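Structure record follows, encoded as structure tokens.
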Amino acid sequence: MKWARAVHYLADLAQKCAERAELPESIRGLPVVELWTFGDVLGEPREVEVVRVALVVDLPEVPWLSAPHGAEHWANATRMAKNPIAPVWRSADALVWNHFVDRPARIWSVEDGVAQSALEAIRDGKGPEIRLPAPSPGELRERLDEEMALSLRSLREQTRGYDESRWGPGKVMAAADALWRAADGYLDLLDAMRR
């Protein structure tokens, strides 16, 4: 997609985050508290394939590459699911960055609102100026260790959940999808630690 369109999708999602945060808690659904972007959109203006975002939710734990309960509804309500946006979900109780969410830039927060200056910098191709600093190798290793412990716990829980539901009545797709996401996140972290 063209650069201007990518920036438009990002700005639109930031505005949708702000609008949803103003809704009553019973309607708002998933408590998204921050929106970050990373990847190609923080580089030089050019055509990009997808806008990568990290959505921070006010939940104590969100295992890597998993989607918290209510994420699909939130993505549909904000039209994020219909746009070329690739989200990852992160916990507000942990750092947003890791091996994949590399030097992100915050676009919106529930405390500060939409970061218009960040959106303007991205539009002008000055994304590198607003990114977080790169972590040291030790900081990255520590972050991966934390993610790996959470991911392994999630993989074990999802495996048990799948095993308990696969012979019961009804469909096992929800349990199977959660198990797949937990396994995918664990394997991605394992590969990152080996690099």
Side-chain angles (χ1 to χ4, degrees), residues 10 13-14 17 29-43 48-72 74-75 80 85-112 115 118 122 127-166 174-195:
L10 188 56
L13 182 58
C17 287
L30 190 63
V32 175
V33 295
E34 291 180 348
L35 169 67
W36 295 71
T37 193
F38 60 100
D40 291 342
V41 78
L42 290 178
V48 295
E49 191 171 317
V50 68
V51 176
R52 296 199 179 280
V53 298
L55 291 150
V56 177
V57 294
D58 189 15
L59 296 173
E61 293 184 338
V62 179
W64 179 237
L65 297 183
S66 70
H69 181 71
E72 185 177 353
W74 192 94
M80 181 178 74
I85 297 173
V88 292
W89 300 90
R90 311 297 284 155
S91 168
D93 290 350
L95 298 170
V96 69
W97 61 267
N98 66 6
H99 67 290
F100 185 73
V101 183
D102 181 38
R103 300 185 57 218
R106 192 169 70 174
I107 304 302
W108 169 83
S109 74
V110 73
E111 293 91 19
D112 300 326
I122 292 168
E129 297 174 14
I130 61 168
R131 296 174 78 177
L132 289 180
S136 70
E139 290 171 324
L140 180 57
R141 180 60 189 212
E142 184 178 327
R143 184 74 189 110
L144 287 173
D145 287 343
E146 293 167 0
E147 294 248 30
M148 185 66 114
L150 175 58
S151 186
L152 182 56
R153 238 182 6 262
S154 175
L155 181 57
R156 286 185 171 135
E157 289 170 12
Q158 298 303 331
T159 300
R160 274 193 303 278
Y162 176 79
D163 191 47
E164 291 168 3
S165 66
R166 75 179 176 161
D177 287 350
L179 176 57
W180 172 79
R181 283 192 295 272
D184 192 36
Y186 180 80
L187 293 173
D188 183 63
L189 289 165
L190 189 62
D191 289 342
M193 291 182 83
R194 290 182 175 162
R195 283 194 287 269

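What you are looking at is a predicted structure, and each value in this text was computed from that prediction instead of being measured.
Closest of all the heavy-atom pairs between T159 and L179 is OG1-CD1, 3.3 Å. The heavy-atom pair separating D145 from M193 by the smallest distance is OD1-CE, 2.8 Å. Contact detail for R90 and V96: the closest heavy-atom pair is NE-O, 3.0 Å. When all heavy atoms of F38 and D102 are compared, the pair lying nearest together is CB-O, 4.0 Å. Nearest heavy-atom pair across L42 and P128 is O-CD, 3.0 Å. When all heavy atoms are compared, the tightest approach of A182 to S154 is CB-OG, 3.7 Å.
Judged by distance alone, with hydrogens and angles left aside, the side-chain atoms of S91 form a donor-acceptor pair with the main-chain N or O of P60 at under 3.5 Å. At distances below 3.5 Å, at least one donor-acceptor pair connects side-chain atoms of R103 with backbone N or O atoms of L132. S109 contributes no side-chain N or O that, together with a main-chain N or O of E34, makes up a donor-acceptor pair within less than 3.5 Å.
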Salt bridge (charged side-chain N to carboxylate O under 4.0 Å, His left out) evaluation trace for R143 with E146 | CA-CA 5 Å; R143 184 74 189 110; E146 293 167 0; 3.1 Å; yes
List the steps and the verdict of side chain to side chain donor-acceptor pair (under 3.5 Å) for W64 and N98.
-> CA-CA 10 Å; W64 179 237; N98 66 6; 5.9 Å; no
Under the side chain to side chain donor-acceptor pair (under 3.5 Å) rule, what do D191 and H99 come out as? Steps first, then yes or no, please.
-> CA-CA 10 Å; D191 289 342; H99 67 290; over 6 Å; no
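Between L55 and C17 there is a side-chain heavy-atom pair separated by less than 4.5 Å. Counting only heavy atoms from C-beta outward, the side chains of V57 and W74 never approach each other to under 4.5 Å.
The CG atom of D177 lies 12.5 Å from the OG atom of S66; values are rounded to the nearest 0.5 Å. Atoms CG and CG, from L30 and D58 in turn, are 9.5 Å apart once rounded to the nearest 0.5 Å. For the atom pair CG (L190) and CD (E147), the distance works out to 13.5 Å, reported to the nearest 0.5 Å. Atom OG1 of T37 sits about 4.5 Å away from atom CG of L10, to the nearest 0.5 Å. For the atom pair L155 CG and R160 CZ, the distance stands at 10.0 Å (nearest 0.5 Å). For the atom pair CG (L187) and CG (L65), the distance works out to 10.0 Å, reported to the nearest 0.5 Å.
Residue E139 places its CD atom among more than 12 non-hydrogen atoms of other residues, nucleotides or ligands, all under 6.0 Å distant. No more than 12 heavy atoms of other residues, nucleotides or ligands sit less than 6.0 Å from atom CD of E72.
When L13, I122, V53 are each tested for a side-chain contact (heavy atoms from CB on, under 4.5 Å) with I107, only one passes: I122.
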